[in-house]
2 protein chains.
Amino acid sequence: MATKSKDASTEEKIKEAARTVFTKKGYAATRTRDIAEEAGINLALLNYYFRSKEKLFELVMAEKVAKLFGVIAPIVNNNETSIEEKVTLIVDAYITMLGQNPGLPLFVLSEIRNNPEHFGNRIQAGKLLTESVFVKQLIERKPDINPLHFVINILSMSIFPFIAKPVFESAGVMTATQMNDFAEERRTLIVQWFKAMINS
Amino acid sequence: MATKSKDASTEEKIKEAARTVFTKKGYAATRTRDIAEEAGINLALLNYYFRSKEKLFELVMAEKVAKLFGVIAPIVNNNETSIEEKVTLIVDAYITMLGQNPGLPLFVLSEIRNNPEHFGNRIQAGKLLTESVFVKQLIERKPDINPLHFVINILSMSIFPFIAKPVFESAGVMTATQMNDFAEERRTLIVQWFKAMINS
DNA sequence: GTCTATACAAAGATAGAC
DNA sequence: GTCTATCTTTGTATAGAC
């Protein structure tokens, strides 16, 4: 889209700046001036490329949502893998991705919460949580328990530490690097716990 | 504080309105005018009682933080109860409290994230997570594993469903009432899973 | 495409009457 | 204590020159 430019830039610089600022402060607290400054360009230019703050935000948000839910889509619908293999893959995918994007879940969740009408049924994660191959396998293994419990447990244990990260740091529980090591340890532990859980 | 008034009101009405609006939209997206309207009073009056939007917010936030972390403080430092009993108590306390305040965790966490400097070491949750009786018991039981993993797991499984609630609703996974039943089911399940986890 | 200058709207806060 | 009216700041968006 937009006009071709030699250094494939400016537009992308603004988008990148928008990612940074929106993710850090949230939509409402972000000023377009902040984004312009972060991008090293002028405020008017931002409105030239993207029509408004909201348009720019929607672009960024769509990316973030795709990233947050995209990691598991191919995993949970694979017919070739067992439950246990899927769990390993999900946990690894999330911990790796969130190690690089620690603020992602909290950002997406809180923006959805603050502005639910913007996301009216545009989020397709539902099918992943209720109709995937993974869910079918869980029902077969544990017919008496709502499979969503297990899905939530995996996601909880993988994602929650990153959501709670601001508290850990504010409360001095862990430094950022300790947080990293901590998350790494969980890769194998969560799988192990899940096995105990599903066999209990 | 403030002046006495017959119906013990106005000030409290504003505070209550502030709780509602801040929790629903977050600090940045909240307009003092919204709070005034919700309280059924005038904007000027809000500034008369509380000096500024920020002062009012800090008041509300302090309450919310206390509520979010207060539930577990007496439980995890009890010398008379076993690990398993503590887990049951923690899970029950959180699921009950969050059933009545579903938006609480996401609100507190995202505000801390968006404005970490406001909370510089004012959050005392650290001690609960690292120096409680509960933690000591966990170390004794599983000396080879960082006890924080288990604490996080309990909190994850109890709290995360409420944090993800906006997605469930936006994506049509569950209605609000189904969410309630779902959370209720987890009371006993989480305890059961935790036992499997810690004995594995 | 990029800038400076500015219009316009929204939001926080205060003055002053009652 | 409570209101109406208003000041001031800030933030989004646009006009228009280069």
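Within every chain, numbering begins at 1; the chains are lettered A, B, ... in the order of the sequence lines, protein sequences first and strands thereafter. Here the structure is a predicted model, which is why all the values come from computation and not from measurement.
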Check whether any side-chain nitrogen or oxygen of A:Thr32 sits under 4.0 Å from OP1 or OP2 of D:dG11, and answer yes or no.
no
Taking only side-chain N and O atoms of A:Tyr48, does any of them lie within less than 4.0 angstrom of OP1 or OP2 on D:dT14?
no
Listed in order of residue number, which residues of residues 38-45 of chain B have a non-hydrogen atom at under 4.0 Å from DNA chain C?
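DNA chain C contact set from residues 38-45 of chain B: B:Leu43, B:Ala44.
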Is there side-chain contact between A:Gln192 and A:Lys195, with heavy atoms separated by less than 4.5 Å?
no
Validation row: B:Lys24, B:Glu38 side chains within 4.5 angstrom (heavy atoms):
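Not touching, per the 4.5 Å side-chain cut-off.
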Taking the side chain from B:Asn115 and the backbone from B:Glu111, do they hold a donor-acceptor pair closer than 3.5 Å?
no
Measure [atom1]/[X] against [atom2]/[N] and give the value in whole Å, please.
X       : N      : atom1 : atom2 : result
A:Glu37 : C:dT4  : CD    : P     : 13 Å
B:Arg33 : C:dA10 : CZ    : P     : 10 Å
A:Glu11 : C:dT2  : CD    : P     : 10 Å
A:Asn47 : C:dA5  : CG    : C1'   : 15 Å
A:Ile14 : D:dA13 : CD1   : P     : 13 Å

Same cluster or not: A:Leu59 versus A:Leu43, using hydrophobic residues (I, L, V, M, F, W, Y) connected whenever any side-chain heavy atoms lie under 4.5 Å apart?
no
Looking only at side-chain atoms of B:Thr10, point me to the closest of D:dT6, D:dA13, D:dT2.
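Among the listed nucleotides, the one closest to the side chain of B:Thr10 is D:dT2.
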Set of residues satisfying side-chain contact (heavy atoms from CB on, under 4.5 Å) with respect to B:Asn79, sequence neighbours excluded
B:Val133
So if I apply the side-chain contact (heavy atoms from CB on, under 4.5 Å) rule between B:Leu129 and each of B:Ile152, B:Val151, B:Val76, which one comes out positive?
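Only match with B:Leu129 under side-chain contact (heavy atoms from CB on, under 4.5 Å): B:Val151.
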Remember a base hit wins even if backbone is also touched, and classify A:Arg31 as base, sugar-phosphate or nothing at under 4.0 Å, heavy atoms.
sugar-phosphate
